[in-house]
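Within every chain, numbering begins at 1; the chains are lettered A, B, ... in the order of the sequence lines, protein sequences first and strands thereafter.
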There are 2 protein chains.
Amino acid sequence: MKDTTVAVYIDRLFPQFEPALKAILIENALLKDFQGGDMLMQTGQNMRSTVLIVEGMVKLYREGDDGQEFFMYYLQPGNACALSMICATRQETSEVMAKAIEQTKVLMIPIALMDKLMRDYKTWYYFVMETYRMRFEELLFVIDNIAFKAMDERLAFYLKKQSEDLNTKNLQLTHSEIAVDLNTSREVVSRLLKKMEQAGGIVMHRNYIEYRL
Amino acid sequence: MKDTTVAVYIDRLFPQFEPALKAILIENALLKDFQGGDMLMQTGQNMRSTVLIVEGMVKLYREGDDGQEFFMYYLQPGNACALSMICATRQETSEVMAKAIEQTKVLMIPIALMDKLMRDYKTWYYFVMETYRMRFEELLFVIDNIAFKAMDERLAFYLKKQSEDLNTKNLQLTHSEIAVDLNTSREVVSRLLKKMEQAGGIVMHRNYIEYRL
DNA sequence: TGATGTTGGTGACTTTTGTCACACTCGATA
DNA sequence: TATCGAGTGTGACAAAAGTCACCAACATCA
């Protein structure tokens with residue numbers, strides 16, 4: 001039954017929420033399913049709900065004028081989409097792309113609820129503020145990287161982050177995928193990866209890269 | 001007298017605030033003065049107050065490892081520093097540099113007040129949310145520019161923004177200053193400016209640039 | 001087994017950007 | 001007036017990154 005499933009997710013991922021808050025969320029949240037590759041948000045789309053990820057993994061990226069992509073960060077279970085909160089509060093348009101990279105479940109919380117939750121529930125308020133803070137800092141980090149670093153450093157940072165976020169040393173990434181995420185070309189990635197391998201930072205295999213801290 | 005000055009600023013710049021909220025701000029806000037060139041925040045510094053700009057102009061930029069600078073946006077009277085709010089709520093460290101570019105006055109609001117204001121005053125809550133939204137979008141815009149655009153487009157966008165933000169067609173900028181803000185070199189800026197002049201977008205003068213929409 | 005598609009390697013080249021060196025102009029001021 | 005420094009122009013070159021062309025390795029599947 002839907003409601004018990006939602007309750008289980010909320011208990012597991014948001015234990016800090018007050019019982020009354022949990023009850024409201026259980027009452028009003030809609031559990032939604034996405035397959036790997038599905039879009040959760042698209043540039044220009046209108047937001048109607050705040051999104052909490054409860055299972056799977058969502059990739060946030062910015063889209064360029066000519067369809068280029070630029071990876072920003074992942075959202076994992078327990079995370080909320082900061083943009084869906086911000087846009088939600090004013091019914092604005094979404095500015096980024098959000099794609100499920102695996103089977104993903106999210107809770108959709110009607111925007112109409114946001115103001116009330118913020119005012120009535122301290123834990124929700126802190127959760128939202130913390131979400132903003134984290135994403136803001138993440139964006140500042142992204143800016144640092146593209147503004148100040150050359151491609152080799154950006155690549156090293158990217159691999160490190162992938163390894164941390166996906167919690168594995170074996171990165172299932174093709175050179176082309178990396179190139180897309182960094183908005184560069186496959187050849188540049190191949191060449192830089194080779195350098196990194198010679199320096200001992202990684203070992204390359206077909207279809208995956210072994211990351212050694 | 002200090003209190004009446006603060007009251008005047010608040011009335012003029014935040015007319016939407018409830019009287020009770022204004023009263024609390026007048027009671028608790030500290031008016032602080034900065035000269036052009038003074039730093040309001042520095043990387044690594046701890047935040048103790050939320051900052052509202054009431055006079056002058058503040059330049060927000062990110063600092064690179066080797067002391068490079070990267071311009072993000074200006075804060076004007078009526079704006080709040082989103083970072084001072086976010087960091088404030090958790091007494092975290094500041095991540096950006098904020099420099100007064102002219103004689104500037106700000107209201108410092110003790111962080112201890114934030115939670116209460118957010119809960120009790122709807123107009124403050126909306127003001128804070130709107131601040132987050134605007135700065136978040138501004139950062140996304142910055143990312144777009146450096147991730148997807150070549151230097152000529154970035155320069156064009158930069159000049160446009162300067163003209164809008166500073167509300168003048170005569171931009172008092174040297175080539176070196178522009179180069180610093182865009183994290184490139186003076187020569188590149190000179191060459192691109194010349195191209196823009198030939199294309200009719202600007203007219204160059206000594207020590208200032210005439211921007212023609 | 002052979003055909004096909006995806007992935008990765010590489011050389012050659014172009015473009016963009018950064019760097020170095022130096023020259024010129026203007027304004028301030030000693 | 002002479003000099004000095006800040007701002008700007010520019011040529012030459014270097015470095016980084018993007019593009020193009022093509023080939024090789026491997027997996028899958030008919």
Side-chain angles (χ1 to χ4, degrees), chain A residues 36-37 64-71 101 143-159 162 170-199 201-211, chain B residues 36-37 64-71 101 143-159 162 170-199 201-211:
Chain A
D65 295 333
D66 317 331
Q68 312 102 296
E69 298 182 4
F70 183 83
F71 171 71
I101 60 166
I143 289 178
D144 271 359
N145 276 307
I146 37 181
F148 298 129
K149 317 274 192 199
M151 199 49 88
D152 55 349
E153 269 191 276
R154 287 178 53 198
L155 177 59
F157 182 79
Y158 173 84
L159 294 177
Q162 293 286 323
N170 291 340
L171 308 173
Q172 310 286 332
L173 295 163
T174 69
H175 297 191
S176 318
E177 283 168 345
I178 298 175
V180 168
D181 281 354
L182 295 175
N183 195 44
T184 178
S185 72
R186 202 250 323 150
E187 294 90 324
V188 170
V189 171
S190 288
R191 281 194 265 261
L192 291 176
L193 282 176
K194 186 193 276 188
K195 267 193 205 164
M196 280 186 77
E197 183 169 48
Q198 285 162 355
I202 56 170
V203 182
M204 291 169 67
H205 305 269
R206 190 178 180 77
N207 283 322
Y208 76 98
I209 296 168
E210 194 185 328
Y211 185 72
Chain B
D65 295 332
D66 317 331
Q68 313 103 293
E69 297 182 4
F70 184 83
F71 171 70
I101 60 166
I143 289 178
D144 271 0
N145 276 308
I146 37 182
F148 298 130
K149 316 276 192 196
M151 199 49 87
D152 55 348
E153 269 191 278
R154 287 178 54 199
L155 177 60
F157 182 80
Y158 172 84
L159 295 177
Q162 293 286 323
N170 290 341
L171 308 173
Q172 310 286 331
L173 294 163
T174 69
H175 298 189
S176 319
E177 283 168 345
I178 299 175
V180 168
D181 281 353
L182 295 175
N183 194 45
T184 178
S185 72
R186 202 253 322 151
E187 294 90 326
V188 171
V189 171
S190 288
R191 282 194 265 262
L192 292 176
L193 282 176
K194 186 193 276 187
K195 266 193 207 165
M196 278 185 77
E197 183 169 46
Q198 285 162 355
I202 55 171
V203 181
M204 291 170 67
H205 305 269
R206 191 179 179 79
N207 283 322
Y208 78 97
I209 297 167
E210 194 185 328
Y211 185 73

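Here the straight-line distance linking atom CZ of A/R191 with atom CG of A/L155 works out to 13.5 Å at 0.5 Å rounding. Note that CZ of A/R154 is 12.5 Å distant from CD1 of A/I178, once rounded to the nearest 0.5 Å.
Taking atom CG of B/D66 as the reference point, atom C1' of C/dT19 lies 16 Å away to the nearest angstrom. When rounded to the nearest whole Å, the span between CZ of A/R154 and C1' of D/dA16 equals 13 Å. Between B/Q172 atom CD and D/dA6 atom P the separation is 19 Å, expressed in whole Å. Computed from coordinates, the B/K195 NZ to D/dT8 P distance equals 19 Å when rounded to whole Å. Summarising the geometry, the separation between CD1 on B/I146 and C1' on C/dT16 is reported as 17 Å, rounded to the nearest angstrom. Atom-to-atom, CG of A/N207 to C1' of C/dG5 comes out at 12 Å; the value is rounded to the nearest Å. Atoms CD1 (A/I209) and P (C/dT7) sit 13 Å apart, rounded to a whole Å. Residue B/M151 contributes atom CE, which lies 13 Å from atom P of D/dA17 at whole-angstrom precision.
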Step by step, work out the side chain to side chain contact (heavy atoms under 4.5 Å, CB included) result for A/Y158 and A/L173. CA-CA 11 Å; A/Y158 173 84; A/L173 295 163; 4.0 Å; yes
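Side-chain atoms of B/K195 and B/D152, non-hydrogen and from C-beta on, never get closer than 4.5 Å to each other. No side-chain heavy atom of A/M151 sits less than 4.5 Å from a side-chain heavy atom of A/V189. The shortest distance between side-chain heavy atoms of A/L159 and A/L193 falls below 4.5 Å. Using a 4.5 Å heavy-atom cutoff, the side chains of A/N183 and B/F148 are in contact.
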Detail all sub-3.5 Å separations between protein N/O atoms and N/O atoms belonging to nucleotides 20-25 of chain D.
unit_1: D/dC20; atom_1: N4; unit_2: A/E187; atom_2: OE2; d: 2.8

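Closest approach of A/F70 and B/A147 over heavy atoms only: CD1-CB, 3.7 Å.
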Check: residues 202-210 of chain A side-chain donor-acceptor pairs under 3.5 Å, at least two apart:
unit_1: A/H205; atom_1: NE2; unit_2: A/E210; atom_2: OE1; d: 2.8

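For the segment residues 174-185 of chain B, the set of residues with a heavy atom within less than 4.0 Å of an atom of DNA chain D comprises B/T174, B/H175, in numerical order.
Residues A/V188 and B/Y208 both approach DNA chain D. Their nearest nucleotides, taken by heavy-atom distance, put B/Y208 toward the 5′ side.
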